[in-house]
Amino acid sequence: MKKEIPKIYKPGSIEEKIYDKWEKSGYFNPDKLANDKIISENAKPYSIVLPPPNITDKLHLGHSSVLAIEDLLIRFHRMKGFRALWIPGTDHAAIATQNVVEKKLLKETGKSRHDLGKKKFLKEVWKFLRETQTVILKQARKMGASLDWSREAFTLDEPRKKAVEKMFVDMHKEGIIYRGERIVNWCPRCHSTLADDEIEYEKQKAKLYTFKYSKDFPVSISTTRPETKLGDTAVAVNPKDKRYKDIIGKKFSADFCGIGLNIRIIADNEVDMDFGTGALGVTPAHSITDWRMAEENNLEIKKVIDENGKIRKGFGKFSGKTAEEARKSVVAELKKQGLIEKEEEIENNLSVCYRCGTAVEPLPSKQWFVAVDKKLERLGNKSLKEKAIEAAQEKEIKFFPERFEKRYLDWMENLHDWCISRQIWFGHSIPAWHKKDSDEVYVGEKAPEDKENWIQDSDSLDTWFSSGMWTFSTMGWPETFTNGKKSGDLAEYHPTDVLNTGYEILTLWVSRMIMMSLFAIGEIPFRHVYLNGMVLDEYGKKMSKSKGNGIDPLDMIEKYGTDAVRLSLLIGSTPGNDVRVGEEKIGNFRNFTNKLWNISRFIISKEKEADNKEQETENLTLADKWITRKMASLIKKTSEDIGEYKFSQAGERLYDFTWHEFADWYLEISKFEENKKEKDYILNAVLKDLLKLWHPFIPFITENIWSHLDNKKFLMVESYPDEKFYRENFAAANDTDMVDFDAVIEIIKSARAIRNENKIGSGKRMDIFIDAEKTIGISTDDIKGFILSQEKIIKNLRTGIGKIKFLSRGERIEGVVSKTTSNGITVYARLKELVDTEKERASAENEINNLEKYISGLEKKLSDKNFVKKAPKEVVEQEKEKLKKAQIKSEEIKKYLEQL
RNA sequence: GGACGAUUAGCUCAGCUGGUUAGAGCACUUCUCUUACAAAGAAGGGGUCACUGGUUCGAAUCCAGUAUCGUCCACCA
């Protein structure tokens, strides 16, 4: 005996219980699936690595979205018989984590990291890490994520540490990791370099000074930072600028506020002739473009500002002053000498540190870099950059939506060497040692033997260096890769099938993963990149903690259930576009889960009475054929959509079928149509397959209902429905019949409208009839012979539909619609009596006119030899098809006109 | 400054390679406690598809331009 099933679906604690059962079954691990013969031995692999969330994060809707999408893909492929693997893990997020701990420390003890010292501070970080690390992954379980926990990884655990060190040493051996002096973004307060994306811009008003270095200097320059001009070694002008043509290449010396300068005039295309005087003072040490010019022109590099943001020694009275103080005194000095020609207010962008808001100083500094342009033998004499661009151009890696390929390529083409060292304490240590009192550097996985004389590099690695290796470092690299051969997980599951992430880290992460995988194992890390949009609040704002507008997915799960949350993230969004999610939306999908629950409840209770599971397909009504036919196409289209990452479309179609076709119509009809055996059989089959189709979207409720259906196996490991079942067993269901039932629906709806308009109460019997003259009408005890004039029905009707009767949900169809003739009839060929003949004639004539022009156009096109030769074959075929269709249609309309 | 995207019903959005009368959910109006479901059922109202041109037999869909909004990148010395 089955227990009574409650009327309202309450997810509550059931979800956790179901998840526990799944996890204990071990089926999240594909090896176990193979061992238990749930999938075949030679099943194809399907793998995804979870983008590792930061350990500082709590689960937010952005994560939920990625989890929902990837879980959908994994569950779908698992049911399709793939060896589906989904690897979980977390990211140590070097800078972000250090900041969080720093802030926490300051708040709780008032101490900075410098007060504690590196050792003690790191101890604090690890303490924090242990508390938070598992939290977010536990929350992933709440989302129902079928991750293989036996393979869990962390970007800073031992295996990953070894992998990172090996990678660094290998790249160094190949000469693409090098140490060099470059202009970096330096935060004088944090004492660290900042990556380009760690800089924020503030609009501000600044004074633009136009002046000469000294009285006898031939050109004036403009700048907002006169103090840096102490380090100028050149003046750059545009080569096209006629004003300065004659002095290009000449050298001048100047006495700039008491400091001697040797200035060469150089030409550079990047100089804007219209800005200021059109001449730019080149300060190689404190500007990135100037540094480039200096390299190209072999200019001397004079550092002016030190790492504390102060003027260095050797600049007379200015030395020791902060940049700001120095600016004031330089300006004062210039004024005194009467050299300032202009002083104007302009608006510009000030770069500031994203953490503390301090103005960033561009400084030359010794850092570790990855060379992206260096050609390598192991890459077929191509550079990392070239290979990574190639992968996208040759469609080895495909982007969804496609437009992101362009963004990726644009970014890659402008890529400069990647600075991978960060002056922070938390993160991967750099496997490099500096010899005391010497410039000698040793790079290796182990420290040099003579430990006393060597000090390990104090910097840490950029967090993207380790997460860039994520697809293969989680699969046992480097152990699983020897002599160019993959083994173990790496052989089985790499490259992964898809990387799914927000488009905002396309450049930061995706491009680095591609380069690192190409370098380490010579193959791409993933075949597809699916970029999902950002999750916004219901007003279209980014969710953020500070604004307090974020919806906590855990609250929503508590309130509406995981399935409703998943649906609200999967439906109503298109790839690469942002999704707005508010509580209301989640509530709506909760209503749907309840609907599904009640549909199942109805069928399960019916089945109890009938208890007939034999295949019964002898007496099929029009409705039976209709629903099975629709089911077949539903299965096909759902699979196709998921394969193309169109989750929203797939979900919407399922939603519509479940609610508005299966529940609203078929279930109602099943209550009174008399072929009980067939009805029970079909209801049961459709319900089971619907649950399977829905499972990747809403795993909990479907698994739950499944357990009420007397099934021993988990729904999770059932195989995906097959459309053939419906096509083969209900072969009578062809297109024509389906259209007919759709027409019946339209008739019934219109009849109901008339009933409503005429206030015919419920409970009264109402007949709908279509008589021999093809008039449609309804009659009740009160009213007789209303004629339906809705063109809607008329156009959908076919000839010869018999008599149907119904009462509404309450109503019933008593008779069944009889067979119709079908021959690709046009929509005009009906119910002449109700149609305005003149209007019809005019519109048909117009259509024929249009069609004839169209046809002649097509014929012309097809007789054009150039077109037939040059256009792809499919296109020509398509055009021919179009022509045929148009010709048939035109014939039909002509016939119709004759009838009129 | 460059690139990309968006503009469709009161709101949030679908509409795939041009083709019947442009769709959904919510909201709104009217009716119905009916034994799967009131978190429901039935019916209905509401749209010059941002604007202007062009291509086409035919444009929400393709092309060009304009306007507004958004995102990313670059950065002004």
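Every chain is numbered from 1 and lettered A, B, ... according to where its sequence line falls, protein lines coming before strand lines. For clarity, every value in this text was computed on a predicted model and none was experimentally measured.
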Given pairs defined as Watson-Crick or G-U wobble with both distances under 3.5 Å, what dot-bracket annotation applies to RNA chain B, with ( ) intrastrand, [ ] crossing, | other strand and . unpaired? (((((((..((((.....[...)))).(((((.......))))).....(((((..]....))))))))))))....

Mind checking what makes ring pair (Phe, Tyr, Trp, His ring centres under 6.0 Å) contact with Tyr645(A), not counting sequence neighbours? Phe400(A), His528(A), Tyr530(A)

Give Ala236(A) one of three labels, base, sugar-phosphate or nothing, depending on what nucleic acid heavy atoms sit under 4.0 Å from its own. nothing

State whether the distance check finds a donor on one side and an acceptor on the other, under 3.5 Å, for side chain Glu668(A) versus base rA36(B). yes

Just checking Asp664(A): base, sugar-phosphate only, or nothing, at a heavy-atom cut-off of under 4.0 Å? sugar-phosphate

I want to verify a distance call: between rA39(B), rC37(B), rU71(B), whose nearest atom is closest to the Arg590(A) side chain? rA39(B)

Contact class for Ile8(A) (heavy atom, under 4.0 Å): base, sugar-phosphate, or nothing? base

For nucleotides rC76(B) and rC11(B), find the distance between their C1' atoms and express it as a whole number of Å. 42 Å

Aromatic centroids of Phe399(A) and Phe404(A) separated by under 6.0 Å: no

Go through the structure and list residues passing side-chain hydrogen bond (donor to acceptor under 3.5 Å, both in side chains) with Ser648(A), not counting sequence neighbours. Glu652(A)

side-chain hydrogen bond (donor to acceptor under 3.5 Å, both in side chains) partners of Ser287(A), counting only residues at least two apart: Thr289(A), Asp290(A)

Which part of the nucleic acid does Ile571(A) contact within heavy-atom distance under 4.0 Å: base, sugar-phosphate only, or nothing? nothing

Step through it carefully: locate the ring centre of Phe697(A), locate the ring centre of Trp694(A), and say whether they are under 6.0 Å apart. yes

Tell me every residue that passes side-chain hydrogen bond (donor to acceptor under 3.5 Å, both in side chains) with Glu344(A), counting only those two or more places apart in sequence or in another chain. none

Gap between atoms CG and C1', on Asn591(A) and rA27(B) respectively (whole Å): 14 Å

With 3.5 Å as the limit, what N/O pairs link the protein to nucleotides 14-16 of chain B?
unit_1	atom_1	unit_2	atom_2	d
rA14(B)	OP1	Thr574(A)	OG1	2.6

Would you indicate what His286(A) reaches in the nucleic acid, counting non-hydrogen atoms under 4.0 angstrom: base, sugar-phosphate, or nothing? nothing

Between the base of rC4(B) and the side chain of Lys406(A), is there any donor-acceptor pair under 3.5 Å? no

Sorted by chain and number, sequence neighbours left out, salt bridge (Lys or Arg N to Asp or Glu O under 4.0 Å) with Lys212(A) holds for none

Residues which pass side chain to side chain contact (heavy atoms under 4.5 Å, CB included) with Arg653(A), listed by chain and number, not counting sequence neighbours: Leu634(A), Lys637(A), Asp641(A), Gln649(A)

Residue whose nearest RNA chain B nucleotide is more 5′ - Thr228(A) or Lys7(A): Lys7(A)

Going by the rule ring pair (Phe, Tyr, Trp, His ring centres under 6.0 Å), which residues pair with Phe589(A) if we only count those two or more places apart in sequence or in a different chain? none

What's the CZ-C1' distance between Arg653(A) and rA24(B), to the nearest Å? 13 Å

Can you tell which of rA40(B), rG25(B), rC72(B) lies closest to the side chain of Trp659(A)? rA40(B)

Given that Leu208(A) and Asp410(A) both sit by RNA chain B, which one's nearest nucleotide is further toward the 5' end? Asp410(A)

Which nucleotide in the set rC72(B), rG41(B), rG5(B) lies at the smallest distance from any side-chain heavy atom of Lys595(A)? rG41(B)

